[in-house]
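Here's the structure, in structure tokens; my notes come after.
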Amino acid sequence: MSKCKILVIFLISVLLAVSACQNSTVDNNRATVNSNQTSTASKEIPNRKWWKEAVVYQIYPRSFKDTNGDGVGDLRGIIEKLDYIKSLGIDVVWLNPIFASPNDDMGYDVSDYQAIMKEFGTMEDFDELLKGMHERKIKVVLDLVANHSSDEHRWFQESRKSRDNPYRDYYHWWPAEKGKPAARRSFFDVEGDAWQYDAPSNSYYLHIFSDKQPDLNWENPKVRQEMYSMIKFWFDKGVDGFRMDVIPFISKDTSFPEMPAEMNGDWGKFYRSGPRLHEYIQEMNREVLSKYDIMTVGEIGATPEEAHLFVDEDRNELNMLYHFEGVDFGYVPGGKKMIDPKGWSLVKFKEIYSKWSDNFEQKGWGTIYLGNHDQPRMVTRWGNDAPEFRELSSKMLSTFLMTMRATPYYYFGDELAMNNIKFERIEDYKDIESINWYKGIEKEGGDLKSFMESQKIAARDNGRTPFQWDNTTNGGFTTGTPWLKVNPNHETVNVTAQEKDQNSPLNYFRKLTSLRKAEPVLVYGKYTLIDKENENVYAYTRELNGKKLLILLNFKAVESSVNSGFDLAKSKVLLGNYPTPSLDGKLKPYEAVVLELTN
Ligand code: GLC
Ligand code: CA
């Protein structure tokens, strides 16, 4: 063989190797720790990461699929539906807490961090689930509930026994003989009081959430070590990351002073600005997170500036966070998710999402979501769930989520355009938040009627109703009595029906995930908002290495014009939610279209 031939063969193999590497941006091989791309593509796109390119699909296990007829979703239900999950084209599954729990707050009250909740199954089930996901190249992210445990956790059971118990300092106690400590607010307590008196040791304990969720004392190095070894336990099993529940609350000024005046009564901000917060997250990063190729996302109600402290790479803390500015928009300030009767303006909505997108243009990385287990269904809240617009507006919102410059967190059921159940009676709610807010308003003699009306739009249980598999009783979710009512529209809104329909929201979502996979410009491309003052249409371009996409989203139920400044007739349609997309600058009700600009 001539030297020249050998050289040609060598070059071809290099090219093949490079392209194989490009094709596996989201791979599950743990051997490739910190598998930054080394291909040519990475030279064009700096700082590629699998978790930036991933679409995260959130499953609320309690409501996904019940396999033993007790009315509660379980791990075997997820195992049964692995191929369905794979068919969505998603890369990561985030599971809400699956750990042992008395379920005062549906799993966010953990009684054993290294055991599986009885109703959900066993550790063997979990291992099988994880294996099944990895075989399908899907990563699994769990929920880290580090700020508090259940009061039924062994640590708390010990801690409350006496003041000299070895576990005493695992929680925050205040001796009653000193009087009542400075006020701390609780999210779920009927009276809003985060201090609970406990007779055995004549002391108060702190619970920022329910009285069955005592706050752990992170000042105690033993607590931190317990947490790190627990995280390590799951990573060593092969878990691919954690979503960190209310993580900025872990650090507290344990002298418990009055809230400083400069906080202007903003107790959320006061609680999340703990003096040693970043020290703890950095320690966690150093001791465990940095040792694995995993992803982390914090639940952090931060300002854009604060956000950088958590997610900039040189901070060595977390990969991403999700903020609340978007989802809290449209509620009247005051905390009980009362709907603003004035409605919400799209111009302001665009401003919020653009600000957050721009925030991470140079440093850090963002997330985008409209639904999760703490939110109502996105189509009811941000689209239109009237029968004629439910599917269209839901597809439009999915298009938004999948074309922004951030990692999308997509909530299970949104691919079917599931909508709010809108309970009439408080007895139908199972969520401690709705129930205790109701009791609180009742006690104060407040306006229960408007609260119940707002809950039809805002309550968390709207997003927690069981998944709708088919048109049989209980939507195929359970053969028993579901723990939370199934939306009666499962007769028409369900997987079986949507599989058969090429234009269903389900099949549209699959097109969106494959489009995002095919077009790195949708992940990394520069985001530019256009026609900013347009009150009906959200329009933006995404641009990368000479490729330019235009996304047009009509957020209203009426035909709406957009002034994009481009000659749309010359563009190529990549996807749209109408059979014939409008290219004349006028969008049909809730129309969404993704175009490639050629001019
Ligand atoms: C987070 C969870 C929410 C839970 C709360 C307390 O906000 O997402 O569901 O109720 O923390 O753990
Ligand atoms: Ca079950």
Side-chain angles (χ1 to χ4, degrees), residues 58 60-81 94-99 101-111 113 116-122 125 141-151 153 185-189 194 206-216 242-250 268 271-272 297-301 321-324 327-328 335 337 367 369 371-376 409 411 429-437 459-464 466-467 474 476-484:
Q58 181 191 349
Y60 195 67
R62 201 171 191 79
S63 298
F64 193 56
K65 173 77 185 150
D66 171 29
T67 55
N68 63 350
D70 66 353
V72 175
D74 40 53
L75 299 185
R76 298 227 65 85
I78 302 174
I79 295 170
E80 196 175 285
K81 298 297 183 182
W94 153 28
L95 299 177
N96 287 99
I98 54 166
F99 318 108
S101 166
N103 285 306
D104 188 54
D105 183 23
M106 299 306 164
Y108 284 95
D109 46 323
V110 180
S111 54
Y113 290 93
I116 302 293
M117 191 192 301
K118 276 202 193 75
E119 291 118 297
F120 285 1
T122 63
D125 294 333
V141 166
L142 299 183
D143 218 308
L144 181 78
V145 195
N147 176 65
H148 43 265
S149 74
S150 162
D151 65 335
H153 194 293
R185 293 283 302 266
S186 155
F187 283 97
F188 296 154
D189 191 76
L206 182 74
H207 64 92
I208 298 297
F209 294 88
S210 92
D211 54 1
K212 285 185 67 64
Q213 293 168 294
D215 284 50
L216 282 157
F242 273 106
R243 172 262 185 190
M244 301 193 179
D245 188 63
V246 294
I247 195 71
F249 288 62
I250 57 176
Y271 294 170
R272 72 172 187 257
V297 55
E299 183 197 23
I300 303 174
L321 63 75
Y322 66 85
H323 63 84
F324 286 85
V327 290
D328 282 347
K337 299 182 182 165
T367 64
Y369 73 105
N372 67 31
H373 67 292
D374 291 333
Q375 299 299 325
Y409 285 70
Y411 191 51
Y429 285 103
K430 298 286 177 263
D431 179 15
I432 185 172
E433 179 176 282
S434 299
I435 296 169
N436 283 5
W437 283 355
R460 306 198 293 186
D461 274 347
N462 286 300
R464 299 178 179 183
F467 195 78
N474 296 322
F477 163 69
T478 181
T479 52
T481 309
W483 74 276
L484 182 67

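For ligands, and for the atoms within them, numbers begin at 1 and follow the listed sequence.
- Annotation: ring pair (Phe, Tyr, Trp, His ring centres under 6.0 Å) contacts of Phe120 (sequence neighbours excluded): none.
- Inspection of the Asn436 and Asp189 side chains reveals no N or O donor paired with an N or O acceptor under 3.5 Å.
- The minimum heavy-atom distance linking His153 with Val110 is given by the pair CD2-O, 3.6 Å.
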**Request:** Check step by step if side chain to side chain donor-acceptor pair (under 3.5 Å) holds for Tyr322 and Arg243.
**Result:** CA-CA 10 Å; Tyr322 66 85; Arg243 172 262 185 190; 2.7 Å; yes
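- Near ligand 1, heavy-atom contacts under 4.0 Å come from Asp105, Tyr108, His148, Phe188, Phe209, Gln213, Arg243, Asp245, Val246, Glu299, His373, Asp374, Arg460, Arg464.
- The Ca ion (ligand 2) does not have Gly71 among its coordinating residues (no N/O/S atom, backbone or side chain, under 3.0 Å).
- The Ca ion (ligand 2) lies at 3.0 Å or more from every N, O or S atom belonging to Thr67.
- Residue Trp94 is tested with Tyr60, Tyr411, Phe242, Tyr409 for a side-chain contact (heavy atoms from CB on, under 4.5 Å); the sole match is Tyr409.
- Take the N/O/S atoms of Asp74: the one nearest the Ca ion (ligand 2) is OD2.
- When the N, O or S atoms of Asp70 are ranked by distance to the Ca ion (ligand 2), OD1 comes first.
- For the atom pair OG (Ser111) and NZ (Lys118), the distance works out to 8.0 Å, reported to the nearest 0.5 Å.
- Nearest N, O or S atom of Asp66 to the Ca ion (ligand 2): atom OD1.
- Between Arg460 and Asp105 there is a salt bridge, with a side-chain nitrogen of the basic residue lying less than 4.0 Å from a carboxylate oxygen of the acidic one.
- Ion pairing of Asp109 with Lys212 is absent here, as no side-chain N (NZ or NE/NH1/NH2) approaches a carboxylate O to less than 4.0 Å.
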